[in-house]
Amino acid sequence: MARAIMLQGTGSDVGKTVLVAGLCRLAANRGLAVRPFKPQNMSNNAAVADDGGEIGRAQWLQSLAARTPSSVHMNPVLLKPQSENGSQIIVQGRVFGQAKGRDYQRLKPQLLGAVLESFETVAAGADLVVVEGAGSPAEINLRPGDIANMGFATRAGVPVVLVGDIDRGGVIASLVGTHAILADEDRAMIAGYIINKFRGDVSLFDDGIRAIEGFTGWPCFGVVPWLPGAGRLPAEDSVVLERLARGGSGALKIAVPVLPRIANFDDLDPLRTEPDVELTFVRSGERLPADAGLIVLPGSKSTISDLADFRAEGWDRDLQAHVRRGGRVIGICGGYQMLGRTVRDPLRLEGGTLEMPGLGLLDVETEMAPEKTVRNSQARSTEYDTPLAGYQIHLGITHGPDCDRPSAIVDGAPDGALSADGRIMGTYLHGLFGSDTYRARLLQSFGLSSERKNYRESVDQALDEVASGLERHLDPRWLAGLIG
């Protein structure tokens, strides 16, 4: 049986995803067969695993870090929020159903079998499995039936390292408080803790480490500073959009409206690496900037609901003004559907609204259908005659006159649409900006040059940097016991 360790957090967004990715890369660099695993994820940033089916984008990144093919078993339960209190449930890569929060709590014990089965599949043939928890084990109100944190750790017998984020403050109280409220069985699973995102002189926290040990008896496995490479990795949760830097001196401003059910927003990450691009995420209550040269409508987990919110923000008027000024628009997946004349949902797959007028910038219509398209794809841009590689995850069939001008040929078939003047483009292909030649040609169409660097290679380099940082700052004795 493979060795395994589980990283749980004192809260959400403490950096577990990056730490797991870094440990996977560090172990892979040492020649170990290492695999990532996350029992339950909640994210609309999904990926298509190499064996087919959906997993969290974070587990796709972690498999890249581990230098191993991704699998649906690395994230057996994926929750994709599509309303304020309801989510689509993906089990081992396939749609299992939908449930509201309270109903899902009752459903979780039924899913534990799939979680444990997937863990055994991932562990088979591996030297090490690095497991990521979700949220915090201190949410003891969710402990009955838990499959994401201690419920999994106790059943699978996997020791836990608790991660605290010092940057958000209160890290001593978070760790000590977690120790205080956990049940004895759960507390016994914790082998130690890691302090993450430290700034400044680490020695200033020596007294903090002694205090935590005095209250809990847990050893500290390291104090990890802010790692520059982490900022170049795709983010898992939309909460990170609130922290992305804005402004700058990019010659081309690209505006992205942030809707409540935004999905796969890491499509935009390659554009952030371009020095001549100023990528601006527009939040609720703000206007789409009048000086943007390009507006990108990203994916959505619930197209009709997000389309209603788009109008409620007044962004439909801003978008029309942008087009009248000669601006360009790209819609990806749900964003592409919004650009058409109508979106219909006769089976109420997304909710209660049967039909809604689209933004009318493309002469196409979309009808939601129960069969979900989930696949990795090879493609070619018809605009620039350049190769593309990406993936598709969507409901709906789109057709109309503008589809006679497809934006791409995907897996040998026409995809997307272009307006007659070529300034409005829609596609179902996620990941097109990650294709270096396409990104370069897009920027050239605005009179800019691209560094044309290999984006995928830059992500790989960032993973190596994170791994090196962990090797420097984590306890070498603990690391030796984990990865040799």
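Along the sequence shown, residues are numbered consecutively beginning with 1.
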- Given the side-chain rings of Phe265 and Phe281, with only the six-membered ring counted for Trp, is the space between their centroids under 6.0 Å? no
- Note on the structure: Residue set satisfying salt bridge (charged side-chain N to carboxylate O under 4.0 Å, His left out) with Asp51, at least two apart, ordered chain then number -> none
- Message: Using 30° and 60° as the class boundaries, would you call the ring planes of Trp478 and Phe221 parallel, tilted or perpendicular?
- Response: parallel
- Output yes when Asp127 and Arg3 qualify as a salt bridge under the 4.0 Å nitrogen-oxygen rule, no when they do not. no
- Item | Cationic N near anionic O, under 4.0 Å, Arg344 to Glu355 | yes
- Rounding to 0.5 Å, atoms CG (Asp165) and NZ (Lys16) come to a distance of 10.0 Å
- Query: Could Glu313 and Arg287 be called an ion pair, given the rule that one side-chain N must be under 4.0 Å from one carboxylate O?
  - Reply: no
- Query: Can we say Lys100 and Asp103 salt-bridge, meaning some charged N sits less than 4.0 Å from an Asp/Glu carboxylate O?
  - Reply: no
- Query: Going by distance alone, is a donor N or O of one side chain under 3.5 Å from an acceptor N or O of the other, for Gln92 and Ser118?
  - Reply: yes
- Note on the structure: side chain to side chain contact (heavy atoms under 4.5 Å, CB included) filter on Ser468, not counting sequence neighbours, yields Arg472
- Query: Got a sec: does the CZ of Arg155 have more than 12 other heavy atoms crowding it under 6.0 Å?
  - Reply: no
- Query: For His473, what residues pass the side chain to side chain contact (heavy atoms under 4.5 Å, CB included) criterion, not counting sequence neighbours?
  - Reply: Pro225
- Query: Does Tyr336 have its ring centroid less than 6.0 Å away from the ring centroid of Tyr428?
  - Reply: yes
- Task: Go through the steps to decide whether Leu354 and Met368 satisfy the test side-chain contact (heavy atoms from CB on, under 4.5 Å), and finish with yes or no.
- Result: CA-CA 10 Å; Leu354 292 173; Met368 298 301 174; over 6 Å; no
- Is there a donor-acceptor contact under 3.5 Å linking the side chains of Ser136 and Thr10? no
- Item | Derivation of the side-chain contact (heavy atoms from CB on, under 4.5 Å) call for Arg143 and Asn141 | CA-CA 6 Å; Arg143 180 59 176 89; Asn141 55 307; over 6 Å; no
